[in-house]
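Below is one structure, written out as structure tokens; comments come after it.
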Protein chains: 2
Amino acid sequence: MHNRMDTKQNMDVRTLCLGALMGGEATGYEIRKMFEDGTFSHFQIASLGSIYPALTKLTQDGMVTFVEREQENRPDKKVYQLTSEGRRTFLRTLLQTRPGEDRYRSDILFMLTFAEELPIELTEALIDEFAARHEMMKFDIDPDNPQKDECPLAHGRDEDGQPTPGCRFVAGLGQAMCEATLKFIRENKSGLIEELRTRKDRKA
Amino acid sequence: MHNRMDTKQNMDVRTLCLGALMGGEATGYEIRKMFEDGTFSHFQIASLGSIYPALTKLTQDGMVTFVEREQENRPDKKVYQLTSEGRRTFLRTLLQTRPGEDRYRSDILFMLTFAEELPIELTEALIDEFAARHEMMKFDIDPDNPQKDECPLAHGRDEDGQPTPGCRFVAGLGQAMCEATLKFIRENKSGLIEELRTRKDRKA
DNA sequence: ATCGATATATATCGAACTGATATAGTCATT
DNA sequence: AATGACTATATCAGTTCGATATATATCGAT
């Protein structure tokens with residue numbers, strides 16, 4: 001866990017796992033869910049293929065420990081927990097790190113860039129799909145979403161079970177972005193479709 | 001270039017390069033700039049380390065051709081151009097592809113999630129940095145931005161040199177997202193900082 | 001004048017990560 | 001009884017990133 005203050009790299013999966021465990025114990029499977037559906041889902045990604053090796057490495061380095069927990073009617077779990085060393089290292093990393101660039105990747109927006117070369121129905125479908133995904137995301141982000149209360153994955157809760165201010169802020173920002181996206185689509189979709197139609201007519 | 005209709009993968013660099021060349025000829029270096037600063041910068045990424053091998057592969061597959069162009073006071077260029085096969089393949093890919101999930105990655109938002117564990121000055125600095133980056137991005141995205149007229153990289157222009165409707169739509173969406181982000185920060189930053197301060201006082 | 005930084009331009013490579021797959025059991029639906 | 005979905009860990013091939021090397025030129029600062 002060396003210093004990366006100088007680089008432009010994004011946080012590696014080991015650091016992300018430490019962060020995920022700041023909210024309490026969790027299995028590798030549960031950590032993935034935090035990035036897939038949970039607290040971190042709209043602004044960080046990590047797959048199982050990187051999480052499990054990361055947890056192994058972190059165990060070797062003394063950053064986390066685990067206990068194997070037998071379950072009825074379920075495969076055994078390895079429940080991981082931060083060591084005080086791990087906690088210290090994570091917070092030190094946050095203090096020392098120049099945060100990497102934000103990166104947003106969207107196949108749909110890339111494809112829409114070529115709208116003029118596509119059938120208009122496809123363009124419409126792409127925009128609708130984009131809107132649907134953001135509608136879903138807006139819903140998923142909500143920290144007060146009743147769904148989330150059931151699962152133990154939601155990190156960033158204080159003693160009262162309330163989301164911490166930081167989490168609330170980040171969630172609110174995510175929702176604002178989703179809403180802006182949806183608003184833009186409501187206001188501009190039909191205009192784009194019309195323009196594409198006129199252009200196609202002019203060509204023909 | 002096989003069918004990936006069934007998978008959830010994002011577009012590979014080869015496909016992105018074909019798309020970049022839809023706007024006309026370009027060198028590998030120029031393609032990277034499209035993803036770094038140019039048209040695609042806010043929603044796709046590709047690095048030189050993947051672009052050059054991709055162009056080599058595309059040449060082997062007959063999707064692109066290149067001419068070596070000598071330059072005065074500059075290293076030689078390899079100027080790539082789509083073949084009709086490449087153009088057809090790209091458009092077929094767009095038609096056949098189920099677009100991969102959008103993915104947004106932000107170290108800053110991840111860090112802000114732990115605001116309670118950080119010094120308040122760092123939290124403030126992170127938010128300011130986030131705002132500054134989005135301010136910059138909002139400016140960079142503008143397809144009518146005078147800066148862009150100089151460089152030949154801006155794809156998605158029709159015969160009149162005007163951005164195509166698709167590009168305009170995607171750019172507008174990007175700007176709307178930036179604006180929403182900035183608005184949210186304006187309206188919520190001081191509230192967060194205050195809340196963090198009160199909590200810290202209560203602990204002490 | 002020379003130094004360091006930045007820009008143009010291509011190429012390569014180790015390290016990291018993704019997505020797929022394997023294994024294995026449960027549960028609900030068809 | 002079969003298919004698919006969920007819990008759970010593990011591994012690996014293929015892809016991509018970030019760093020670095022090489023070579024040349026410009027430009028501001030010392």
Side-chain angles (χ1 to χ4, degrees), chain A residues 1-2 4 6-17 25-38 44-59 66-80 98 100-101 103 105 107 150-153, chain B residues 1-2 4 6-17 25-38 44-59 66-80 98 100-101 103 105 107 150-153:
Chain A
M1 205 65 41
H2 68 295
R4 44 168 288 273
D6 42 342
T7 70
K8 281 172 189 170
Q9 274 180 82
N10 277 103
M11 278 178 181
D12 58 28
V13 178
R14 281 197 296 286
T15 307
L16 295 180
C17 285
E25 53 172 40
T27 66
Y29 191 78
E30 286 170 331
I31 290 174
R32 191 213 51 170
K33 286 216 289 183
M34 294 186 210
F35 291 103
E36 194 96 323
D37 324 298
Q44 280 294 350
I45 325 143
S47 68
L48 284 174
S50 53
I51 290 172
Y52 284 119
L55 288 171
T56 306
K57 185 80 184 354
L58 287 169
T59 306
F66 68 90
V67 283
E68 232 147 331
R69 197 166 297 167
E70 287 167 48
Q71 296 189 109
E72 279 171 45
N73 307 337
R74 287 261 164 272
D76 288 1
K77 282 176 173 185
K78 285 185 184 174
V79 183
Y80 288 87
R98 253 226 72 184
E101 294 255 328
R103 33 191 90 243
R105 238 180 142 102
D107 282 4
E150 299 163 31
C151 69
L153 318 164
Chain B
M1 205 66 41
H2 67 295
R4 45 167 288 271
D6 43 341
T7 70
K8 282 172 189 171
Q9 275 180 80
N10 277 104
M11 278 178 181
D12 58 27
V13 179
R14 280 197 297 287
T15 306
L16 295 179
C17 285
E25 54 172 39
T27 66
Y29 190 78
E30 285 170 332
I31 290 175
R32 192 214 50 170
K33 286 215 292 182
M34 294 186 209
F35 291 103
E36 194 96 323
D37 323 300
Q44 280 295 349
I45 325 143
S47 67
L48 284 174
S50 52
I51 289 172
Y52 283 120
L55 288 171
T56 305
K57 185 80 184 353
L58 287 169
T59 306
F66 68 90
V67 283
E68 232 149 330
R69 197 166 296 168
E70 287 166 48
Q71 294 188 109
E72 279 171 48
N73 306 338
R74 287 264 163 269
D76 288 2
K77 282 177 172 184
K78 285 185 184 174
V79 183
Y80 288 88
R98 254 226 71 183
E101 294 254 328
R103 33 191 90 244
R105 240 180 142 102
D107 282 2
E150 298 163 33
C151 69
L153 318 164

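In what follows, chains carry the letters A, B, and so on, assigned in the order in which the sequence lines appear, proteins first and then strands, with residues in each chain numbered from 1.
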Contacts of Ile51(A) and Ser50(B) projected onto DNA chain C by closest heavy atom; the upstream (5') one is Ser50(B)
Of Lys77(B) and Gly49(A), the one whose closest nucleotide on DNA chain C sits nearer the 5' end is Lys77(B)
Checking dT10(C), dC17(D), dC17(C) against the side chain of Val13(A) (C-beta onward), the nearest is dC17(C)
Side-chain atoms of Arg103(A) come closest, of dT10(C), dT18(C), dG18(D), to dG18(D)
To the nearest Å, give me how far apart [atom1] ([X]) and [atom2] ([N]) are.
| X | N | atom1 | atom2 | value |
| --- | --- | --- | --- | --- |
| Ile45(A) | dT18(C) | CD1 | P | 7 Å |
| Glu30(A) | dA8(D) | CD | P | 6 Å |
| Tyr29(A) | dT7(D) | OH | P | 4 Å |
| Ile31(B) | dT10(C) | CD1 | C1' | 13 Å |
| Leu55(B) | dT12(C) | CG | C1' | 15 Å |
| Asn10(A) | dC17(C) | CG | P | 10 Å |
| Glu36(B) | dT6(C) | CD | P | 14 Å |
| Asp76(A) | dA8(D) | CG | P | 10 Å |

[X] near the nucleic acid: base, sugar-phosphate alone, or nothing, with a heavy-atom cut-off under 4.0 Å?
| X | result |
| --- | --- |
| Gly28(A) | sugar-phosphate |
| Arg69(B) | nothing |
| Thr27(A) | sugar-phosphate |

Tyr29(B) side chain near Arg32(B) side chain, heavy-atom distance below 4.5 Å:
yes
Below 4.0 Å: OP1/OP2 of [N] and any side-chain N or O of [X]:
| X | N | answer |
| --- | --- | --- |
| Lys33(B) | dA7(C) | no |
| Arg32(B) | dA7(C) | no |
| Tyr52(A) | dT9(D) | yes |

Can you establish whether the number of heavy atoms outside Glu68(B) located under 6.0 Å from its atom CD is more than 12? yes
Quiz item: Step by step, would you call Lys77(A) with Glu25(A) a salt bridge (charged side-chain N to carboxylate O under 4.0 Å, His left out)?
Solution: CA-CA 12 Å; Lys77(A) 282 176 173 185; Glu25(A) 53 172 40; over 6 Å; no
May I have the step-by-step check of side-chain hydrogen bond (donor to acceptor under 3.5 Å, both in side chains) for Glu101(B) and Asn10(B), ending in yes or no?
CA-CA 7 Å; Glu101(B) 294 254 328; Asn10(B) 277 104; over 6 Å; no
Taking every heavy atom of Leu58(B) against every heavy atom of Cys17(B), the minimum-distance pair comes out as CD1-CB, 3.9 Å
Ranking Leu48(B) and Lys78(A) by the position along DNA chain D of their nearest nucleotide, the one closer to 5' is Lys78(A)
